[in-house]
Protein chains: 2
Amino acid sequence: MSRLTSYRDIKKMVLDRIQSGAWPPGALIPRETELAAEFGCARATINRALRELAQAGVLERRRKAGTRVSMTPVRKATLDIPLIRREVEESGATHRHRLLTCEMSVPPAHIAARMGLPLERTALHVQTLHMADSAPYCLEDRWINPKAAPEALSADFAALSANEWLVQNIPISAGEIAFLAENASDADAEILNAAPGAALFVVERLTRIAQEAVTHVRIAYRPGYRMTTGI
Amino acid sequence: MSRLTSYRDIKKMVLDRIQSGAWPPGALIPRETELAAEFGCARATINRALRELAQAGVLERRRKAGTRVSMTPVRKATLDIPLIRREVEESGATHRHRLLTCEMSVPPAHIAARMGLPLERTALHVQTLHMADSAPYCLEDRWINPKAAPEALSADFAALSANEWLVQNIPISAGEIAFLAENASDADAEILNAAPGAALFVVERLTRIAQEAVTHVRIAYRPGYRMTTGI
DNA sequence: CAAGATAATATGTGCAGACATAATAACCAT
DNA sequence: ATGGTTATTATGTCTGCACATATTATCTTG
């Protein structure tokens, strides 16, 4: 006994029909009630399976119009953005970090603009080098809005990295994230032990609480870093 | 009348409690039955709301242990990987492409290895430059396994880009995707009209049907490209 | 024939109830 | 205490049903 037909089975069978070419890109697939009859399960079960496949970008659904196989198969990729500590430790190395900078100063204009800070307003600037064993792993360059996170001013970032401190002290919030490539500046290169001008993979993240920017962070990875995921 | 309590409302309210700090990172939140009683809805509704929040990485759930607020808030980002044509057109420009190469040849060893091809085995090599209006946008460098997609050999990639041809002719399938940064080679630089050595944002994608590699594609974007998403 | 009203329909969502499953907590015997 | 067995419990999932909603199709009507 046990599982009759679970929504997982439905997902597998639908995916199989798509991958076998029985339901090619763009094809209209049977309605939920028909699939429910065919597989001998409730419509709700079919609904959940198709809904999840649609969320993954494999199907496209519209009321009344029906469900069709997506024309653009690989539309969505879900990346895990790991805590740096965990990412390093999962590679088998020991994570260490070194505090390079921790002071109030005036951020560059483009960062102030993105954070919505008035020009000339100072913010807390924290630079941390993360290392895997003794090799540089990535450089974290963070600006913290003192108005939005006043407790940060008295935190000891030498003991706990700024990344982890924020996770533990600032509630979950909204924001944007960007992935890009940048040539290493001379300073970046020296810190990361890379050639000047080397291509660095960079993640920039802006975090907000209720419209107000809390922190802007730029993480530049060592040359050769790849961020990967399945499809 | 209208909506009493939808799972969307529940999601909003739960998110609100998390963002307001009422439920800090790591906190155990009430059980589904309690929330259902509090919000006056069915447990299934609570379940769907919490399940989706967990899928987004905001909550972590374990049977019997209960549901708690994730310690690492921004754990997952879902990127849309657009068709290049659509991406260009959404920026308001006209998409054009130019076929640079289309011939059978022996792929570099690292690509042959990743595709699981025997050394010295030839594959179809298609290079396409995508343009936004008349400016270079990205360079698509694709290898197609002739065994897995024999119809590709006779396709006319000058008319339809290889990207779009594959989408329309190959069923949806599994694979891996990687994001990285690379310095532009002299050839890249000339084609993309960039400085040699410029940092390029690169997406590499390997697509498989039933274990067998169908195509490997490397897309190198013009300097300055950012791939962005909300959190 | 075109514009607007109306019916038909596929998916979207909610509910109540039942059982499955994993993991913890409690208990018991050695 | 210690190890193993047995409740207990929170989430996971399925069912059957009802109604909501967005679109398309059809049927009016000027």
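Below, read A as the first sequence line, B as the second, and so on, with proteins coming before strands; counting in each chain starts at 1.
- Distance from the side chain of B:Y7 is smallest for C:dG14 among the nucleotides C:dT11, D:dC14, C:dG14.
- Ranking D:dT13, C:dC15, C:dT11 by closeness to the B:N47 side chain, first place goes to D:dT13.
- Between A:N145 and A:A213, the closest heavy-atom pair is ND2-O, 2.9 Å.
- Taking 4.0 angstrom as the limit, B:R62 places none of its side-chain polar atoms (N or O) nearer than this to OP1 or OP2 of C:dT21.
- Across A:G26 and A:R68, no two heavy atoms sit closer than the pair O-NH1, 2.8 Å.
- With hydrogens and angles left out, the side chain of B:R43 and the base of C:dG17 share no donor-acceptor pair within 3.5 Å.
- Contact annotation: B:R8 reaches the phosphate of C:dT13 (side-chain N/O to OP1 or OP2, under 4.0 Å).
- Between the P atom of C:dA23 and the CZ atom of B:R68 lies a distance of 14 Å, rounded to the nearest Å.
- Evaluation of the ring pair (Phe, Tyr, Trp, His ring centres under 6.0 Å) rule for A:F179 yields no partner, not counting sequence neighbours.
- Between the CG atom of A:L59 and the P atom of C:dA10 there is a distance of 17 Å, rounded to whole Å.
- Donor-acceptor pairing under 3.5 Å, judged by distance alone, is absent between the side chain of A:R48 and the base of C:dT13.
- At distances below 3.5 Å, not a single donor-acceptor pair connects side-chain atoms of A:T128 with backbone N or O atoms of A:R98.
- If you take CD1 of B:I10 and C1' of C:dC15, they are 13 Å apart, rounded to a whole angstrom.
- A:E32 has a carboxylate O that lies under 4.0 Å from a charged side-chain N of A:R61, or vice versa, which qualifies the two as a salt bridge.
- Ion pairing between a basic and an acidic side chain is recognised when a charged N comes within 4.0 Å of a carboxylate O; A:R114 and A:E176 show no such pairing.
- Taking each heavy atom of B:T45 and B:S6 in turn, the nearest pair found is CG2-C, 4.1 Å.
- Whole-Å rounding puts the B:E52 CD to D:dT11 P distance at 17 Å.
- Salt-bridge annotation for B:E90 and B:R86: absent, with no side-chain N of the basic residue lying under 4.0 Å from a carboxylate O of the acidic one.
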Which pairs, protein N/O on one side and nucleotides 4-7 of chain C N/O on the other, fall under 3.5 Å?
none

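- Nucleotide C:dA10 holds its P atom 15 Å from the CD1 atom of A:I46, rounded to whole Å.
- Of the residues near DNA chain D, B:T33 and A:T45, the one whose nearest nucleotide (by heavy atom distance) lies more toward the 5' end is B:T33.
- The listed nucleotides are C:dT21, C:dT11, C:dC15; the one nearest the side chain of A:R61 is C:dT11.
- For C:dA10, one of the phosphate oxygens OP1 or OP2 lies less than 4.0 angstrom from a side-chain nitrogen or oxygen of A:R31.
- A salt bridge (charged side-chain N to carboxylate O under 4.0 Å, His left out) with B:E52 holds for exactly one of B:R8, B:K11, B:K12; it is B:K11.
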Could you list all N or O pairs between the protein and nucleotides 25-27 of chain D that sit under 3.5 Å apart?
none

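- Atom C1' of nucleotide C:dG14 and atom CZ of B:F39 are separated by 16 Å, given to the nearest angstrom.
- Between A:T67 and the phosphate of C:dT11, there is a side-chain N or O to OP1/OP2 separation shorter than 4.0 Å.
- Protein atom NZ of A:K11 is 10 Å distant from nucleotide atom P of D:dT13, rounded to whole Å.
- Comparing C:dA23, C:dC15, D:dT15 by their nearest atom to the side chain of A:C41 picks out D:dT15.
- Using modelled atom types and a 3.5 Å distance limit, the side chains of B:D141 and B:H125 yield a donor-acceptor pair.
- Taking atom CD on A:Q55 and atom P on C:dT11, their separation rounds to 17 Å, with Å as the unit.
- Contact annotation for B:A65: no contact, since no heavy-atom pair falls under 4.0 Å across all strands.
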